[in-house]
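Quick note: numbers below take in every heavy atom, side chains included, and nothing from hydrogens, waters or symmetry partners. First the proteins, then the strands, lettered A, B, ... as listed; each starts at 1.
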2 protein chains.
Amino acid sequence: MLAIGTLAKRTGTKVQTIRYYEQIGLLPEPGRTEGGQRRYDEEDLDRLAFIRHARQLGFTLEAIRELLDLSDNPGRPCADVDRIAHRQLKEVEARIARLEALRAELKRMLRECSRDTVSDCRVLEVLRDHSACLSDHETGA
Amino acid sequence: MLAIGTLAKRTGTKVQTIRYYEQIGLLPEPGRTEGGQRRYDEEDLDRLAFIRHARQLGFTLEAIRELLDLSDNPGRPCADVDRIAHRQLKEVEARIARLEALRAELKRMLRECSRDTVSDCRVLEVLRDHSACLSDHETGA
DNA sequence: TATACGACCTACAGCAACTGTAGGTTCAAG
DNA sequence: CTTGAACCTACAGTTGCTGTAGGTCGTATA
């Protein structure tokens, strides 16, 4: 049986985060010692590892909740899981596209920042005057 | 003189967001009508446009506060602005790198998801078993 | 000029996904 | 048996807004 701190270390999670996951129903309420401290088993560790891993892949807690529901019902079609992962991929790709536009704009701003004082600074000028933009980040997500 | 709703429309900001910016001190307290409604001028519009533009470029409100402080003191070196923009660029680039790793992992997961039911699903398997990962997102930011 | 009604006001709660704090209790090593 | 690290609950704070409730204001139209 694992104390919460051990579980935290093994999964790279903060203790408070584990309690938070329990509170929102992502982790089941674990057994307790007589003194009231939580004790976990390997199954809890697996479930938490799954959650953390999915979080690192950028899934929201709601998506993870869906995935856990699916995995608790192994007869359901794989397509359901596929759909969730696909949605996630689309979101990741959209975020990448947006960030790449920002990177281009920032680089351009920095390239043009050659004056000495703030009053002549191109960066501030560009931020002040949107029409100076080359990218279309105004219209983006 | 502009009412808050007009300012909102002109800058693509929600009314509540403008009041929020005022509350946290990013926008100065505007004049009011006798009845207590806010009225803005062109300077307020410029300042808000600056803020929104910087937000769209991914700057945090704290970074924007710094930039506004700098722009209120036009004698200070451009290098200060440059530093902030550079920091922002680094952050954007780190986020891109991280998302690209996630995208690769998600694509790999989806490529291998060819079974029919959840019980055989590679996606869940990959999420369950981190050792199956090719990318190093566990150790990333 | 009266009235309707959209726009405004304040104050506060809620969102994601945690993180941190205060004040107190339990467990386990020495 | 003592010490102190780790645990407990409960709640506030983070970022950057967004939404709601309940009420007031401004102005276009009849």
Arg47(A) side-chain N/O to Leu26(A) backbone N/O, donor-acceptor pair under 3.5 Å
yes
Could you report the tightest heavy-atom contact between Arg55(B) and Thr60(B), atom names first, then the distance?
NH1-CA, 4.0 Å
Minimum-distance pair of heavy atoms, taken over all atoms of Ile18(B) and Thr13(B)
CG1-CG2, 3.8 Å
Spatial distance of atom CD (Glu66(B)) from atom CZ (Arg83(B)) [nearest 0.5 Å]
6.0 Å
So does Arg32(A) get a backbone contact from the side chain of Gln37(A), meaning a donor-acceptor N/O pair under 3.5 Å?
no
For Ala85(B) and Leu106(A) the tightest heavy-atom approach is O-CD2, 4.4 Å
Kindly compute the distance separating CD (Glu22(A)) from OG1 (Thr17(A)), expressed to the nearest 0.5 Å.
13.0 Å
Indicate the atoms forming the closest heavy-atom contact of Ile84(B) with Ala63(B), along with that distance.
CG2-CB, 4.4 Å
Taking only residues two or more places apart in sequence, or in another chain, which ones meet Asp44(B) in a side-chain contact (heavy atoms from CB on, under 4.5 Å)?
Pro28(B), Tyr40(B), Asp41(B)
Secondary structure of DNA chain C in dot-bracket form (Watson-Crick or G-U wobble, distances below 3.5 Å, | marking inter-strand pairs):
||||||||||||||||||||||||||||||
Are the side chain of Thr11(B) and the backbone N or O of Leu7(B) linked by a donor-acceptor pair below 3.5 Å?
yes
For Arg10(A), does the CZ atom sit with more than 12 other heavy atoms under 6.0 Å from it, leaving out its own atoms?
no
Starting at atom CZ of Arg19(A), determine the distance to atom C1' of dC8(D), rounded to an integer number of angstrom.
7 Å
Value for CG (Leu2(A)) from CZ (Arg39(A)), rounded to nearest 0.5 Å, stands at 9.0 Å
Who are the salt bridge (charged side-chain N to carboxylate O under 4.0 Å, His left out) partners of Glu62(A), not counting sequence neighbours?
Arg65(A)
Using a cut-off of 4.0 Å on non-hydrogen atoms, how would the nucleic acid contact of Ile24(B) be classed: base, sugar-phosphate, or nothing?
nothing
Give the residues of residues 33-43 of chain B touching DNA chain C, defined as any heavy atom closer than 4.0 Å, sorted by residue number.
Gly36(B), Gln37(B), Arg38(B)
Going 5' to 3' along nucleotides 14-19 of chain D, which nucleotides have protein heavy atoms under 4.0 Å from the base (write B), which only from the sugar-phosphate (write S), and which from neither (write -)?
--BBBB
Reading DNA chain C 5' to 3', which nucleotide is the first, and which the last, to come under 4.0 Å of any heavy atom in chain A?
dA17(C) to dC27(C)
